[in-house]
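Note on naming: letters A, B, ... go to the chains in the order of the sequence lines (proteins, then strands), and numbering restarts at 1 for each one. Here the structure is a predicted model, which is why all the values come from computation and not from measurement.
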Protein chains: 2
Amino acid sequence: MPARVTTLKELAASLGLSITTVSRALAGHQQIALKTRERVAQAARQAGYVPNTAARALVSGRSGFVGLVLPIRGPNLVDSFLGEFVTGLGEGLVSHGADLILATAAQDQAEIAVLRHVVESGRADGVVVTRIAEVDERLAYLRRRGFPFVAHGRQLDSDFAYNWLDTDGAHAFGEAFDMLYDLGHRHFGLVTISEPMTFRHLRQDGLAAAIARRGDPSVRLDVATAPRFDRGARIQAVNRMLHGPERPTAVVALFDELALTVMEEAARAGLTVPRDLSVIGFDNVLASAYAPPGLTTFDASIRQCAREIADMLLTVIADRPAEPLTRLIRPTLVPRASHGPAPRTRN
Amino acid sequence: MPARVTTLKELAASLGLSITTVSRALAGHQQIALKTRERVAQAARQAGYVPNTAARALVSGRSGFVGLVLPIRGPNLVDSFLGEFVTGLGEGLVSHGADLILATAAQDQAEIAVLRHVVESGRADGVVVTRIAEVDERLAYLRRRGFPFVAHGRQLDSDFAYNWLDTDGAHAFGEAFDMLYDLGHRHFGLVTISEPMTFRHLRQDGLAAAIARRGDPSVRLDVATAPRFDRGARIQAVNRMLHGPERPTAVVALFDELALTVMEEAARAGLTVPRDLSVIGFDNVLASAYAPPGLTTFDASIRQCAREIADMLLTVIADRPAEPLTRLIRPTLVPRASHGPAPRTRN
DNA sequence: GCAAAAATTTAAAACGTTTGCAATTCCGAA
DNA sequence: TTCGGAATTGCAAACGTTTTAAATTTTTGC
């Protein structure tokens with residue numbers, strides 16, 4: 001391996017040129033003679049020259065990084081999409097030569113403090129924020145700072161515009177209802193969470209809208225609510241729904257983990273899915289394919305979304321478009337075996 | 001919100017001090033009067049001053065980042081532990097004020113090229129490398145460069161020492177064998193992959209060693225091998241094993257995805273797990289809890305391992321210890337319902 | 001063959017921080 | 001007061017790059 005040249009100064013010296021010329025040649029400036037540019041490029045390649053990131057960032061004011069504050073959910077709980085999400089981001093960034101910074105909040109530290117630090121230390125040229133709450137202080141902060149960002153998800157009734165990409169949960173839940181209605185179901189259950197997340201709101205609205213659209217007064221909807229991360233409470237809520245005086249014939253869950261709980265509790269109660277009960281989830285987590293009889297759900301193609309988010313963010317960083325960029329992605333139905341015709345007789 | 005001060009110069013000016021003094025005061029140097037230090041700290045906090053990362057990195061030669069080259073497996077395949085792994089790394093790094101850089105290899109780009117770039121551009125002070133092959137050029141490169149790194153996994157018969165943390169797969173597979181043997185099993189199956197990964201080697205060795213240790217000549221072991229990512233070939237290999245003249249009563253799979261395939265194919269063949277066939281996996285992926293009847297497997301607590309890897313790496317970066325750091329982590333058995341006593345009669 | 005224009009190259013400043021060394025201030029002792 | 005030394009503060013260089021403005025070389029037109 002040839003001796004590595006670490007700085008522009010060394011490279012320039014070895015070529016008998018000035019630092020300026022070498023810098024410009026590597027950047028491909030037209031004003032440098034083509035012959036020189038080629039000579040420099042060749043020498044740089046051969047010497048294994050790689051420009052120093054810090055120096056470049058210092059003078060240009062751009063770090064070439066995009067930031068993501070790691071969403072940590074709990075000591076034993078990791079965001080199930082994190083892997084797909086960062087992979088998608090990485091894929092989207094790499095074609096533009098950008099890299100991803102993952103900043104983590106310490107235990108006692110608020111996520112927004114980490115975000116602040118990332119933004120204000122110049123570590124990143126832009127950030128992506130995930131898991132948007134109905135009213136999210138992070139978005140307000142970023143907007144105030146005028147810092148480039150793209151949100152994965154939306155605020156509710158935002159009083160300002162911003163760049164976002166979201167999954168069309170409302171449409172999916174409407175689609176789920178329509179499918180189940182056409183299979184004869186009239187008594188529905190909805191398993192949801194108590195936290196104020198926008199996606200909860202939108203999905204529920206989508207379901208309600210579909211019901212209203214149908215205009216059938218015989219349609220009935222029961223709702224079971226539990227805190228997002230409280231497994232015990234969730235099981236209780238599901239069981240209240242399954243063992244009420246009249247049981248829904250079809251249950252729609254806000255996301256797969258809730259749907260899997262429904263299937264487990266249904267099995268425990270001696271119910272057969274989908275003969276006695278149809279269940280539909282949302283997210284298409286790995287387990288939904290393996291949990292018997294196979295959960296019908298929606299796939300939001302997180303990786304692809306993340307790739308688009310990366311593209312959007314790089315556009316925002318480079319062009320600062322006047323109009324905010326927004327994308328609504330329609331999730332695809334993954335039909336498996338947990339849904340079917342409504343049972344003939346109520347028990 | 002008060003006007004934000006972005007540079008040391010501004011902060012110094014507002015205090016009527018020199019840049020030097022302010023810099024030293026913030027760094028907590030004793031030579032600066034205590035009163036001054038407090039005054040500066042107070043002003044910095046109030047003004048929301050955050051030092052510029054690039055400038056600091058340039059002068060100190062340290063970026064404060066740790067690098068990870070994103071392991072991308074394929075267009076639709078994401079390393080299932082990636083989320084846990086980066087979360088653990090983040091947790092380990094945050095207490096030392098370090099952040100994580102995720103660099104991604106473009107489609108046609110070798111992972112080592114990305115690694116090179118990360119190392120040589122000064123983006124990171126150290127890197128962690130995962131999925132170590134039996135002979136891994138990345139380790140050789142990093143060693144040649146004298147660049148701080150910690151490997152998650154080991155080379156086979158390495159001719160140099162380095163820092164690593166690995167899961168004790170050999171021990172786990174021995175434990176699995178002993179447990180199954182004590183349940184009466186004598187005819188074993190091993191489902192494995194054809195790729196030269198160290199973990200394959202070690203786990204197989206652990207199994208073989210346990211068999212030898214037992215010294216029972218009636219023990220028999222069938223091996224089914226398929227390429228790691230070829231689902232079709234995997235299913236074929238499993239079926240050959242299940243439909244051979246004599247079928248094993250217990251199957252140990254190199255990792256959960258293989259074990260789940262075994263369970264699926266066993267169900268398809270009308271076999272009941274664990275009555276007719278015991279199955280044990282490795283990894284404890286989410287689906288292993290949901291796949292009926294629940295897969296007995298081993299948990300390597302990836303997140304905790306990643307946290308330790310972060311600690312190790314930070315130690316290596318700071319202290320450059322003469323002796324390499326190594327940690328062997330024993331995975332814990334997660335007993336579920338896919339293993340049981342050997343069937344009385346062979347069919 | 002010469003001046004002007006075009007093409008190419010370079011010197012020097014700047015980015016925001018840390019740090020070796022020098023300068024200043026402060027204090028008590030003479 | 002004045003001096004010495006300790007305590008405190010500040011100047012200026014350095015890190016490796018990009019960029020403005022200027023200098024140099026080459027080419028062109030007559």
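Look at B/S18 and you won't find any side-chain N or O under 4.0 angstrom from OP1 or OP2 of D/dT9. Checking the phosphate oxygens (OP1, OP2) of D/dT9, a side-chain nitrogen or oxygen of B/T36 falls inside 4.0 Å.
The two residues A/D99 and B/T104 make their nearest non-hydrogen contact at OD1-N, 4.1 Å. The heavy-atom pair separating B/F149 from B/N163 by the smallest distance is O-ND2, 3.0 Å. Minimum heavy-atom separation, A/G90 to B/L70: CA-CD1, 4.5 Å.
The aromatic rings of A/F65 and B/F65 sit tilted relative to each other, their planes meeting at an angle between 30° and 60°.
Between A/H29 atom NE2 and D/dT17 atom P there is a gap of 15 Å when expressed in whole angstrom units. Rounded to an integer number of Å, the gap from A/I32 CD1 to D/dT18 C1' is 13 Å. Note: CZ (B/R24) to C1' (D/dA7) measures 13 Å, nearest angstrom. Straight-line distance from the CG atom of B/L15 to the P atom of D/dT8: 17 Å, rounded to whole Å. If you take CD of A/Q31 and P of D/dT18, they are 13 Å apart, rounded to a whole angstrom.
A salt bridge does not link A/R307 with A/E84: none of the charged nitrogens is closer than 4.0 Å to a carboxylate oxygen. No salt bridge links A/E111 with A/R116; every basic N to acidic carboxylate O contact stays at or beyond 4.0 Å. A salt bridge links A/D166 to A/R154: at least one charged side-chain nitrogen sits closer than 4.0 Å to a carboxylate oxygen.
Within 6.0 Å of CD in B/Q31 there are more than 12 heavy atoms belonging to other residues, nucleotides or ligands.
Along DNA chain C, read 5' to 3', the first and last nucleotides having any atom under 4.0 Å from a heavy atom of chain B are C/dG16 to C/dC21.
Residue-level contact check: A/L17 touches the backbone only, with heavy atoms under 4.0 Å from sugar-phosphate atoms and none from bases.
Within residues 55-67 of chain A, the residues having any heavy atom closer than 4.0 Å to DNA chain D are, in order of number, A/A55, A/R56, A/V59.
Side chains of A/I302 and A/H152 form a contact here, defined as non-hydrogen atoms less than 4.5 Å apart.
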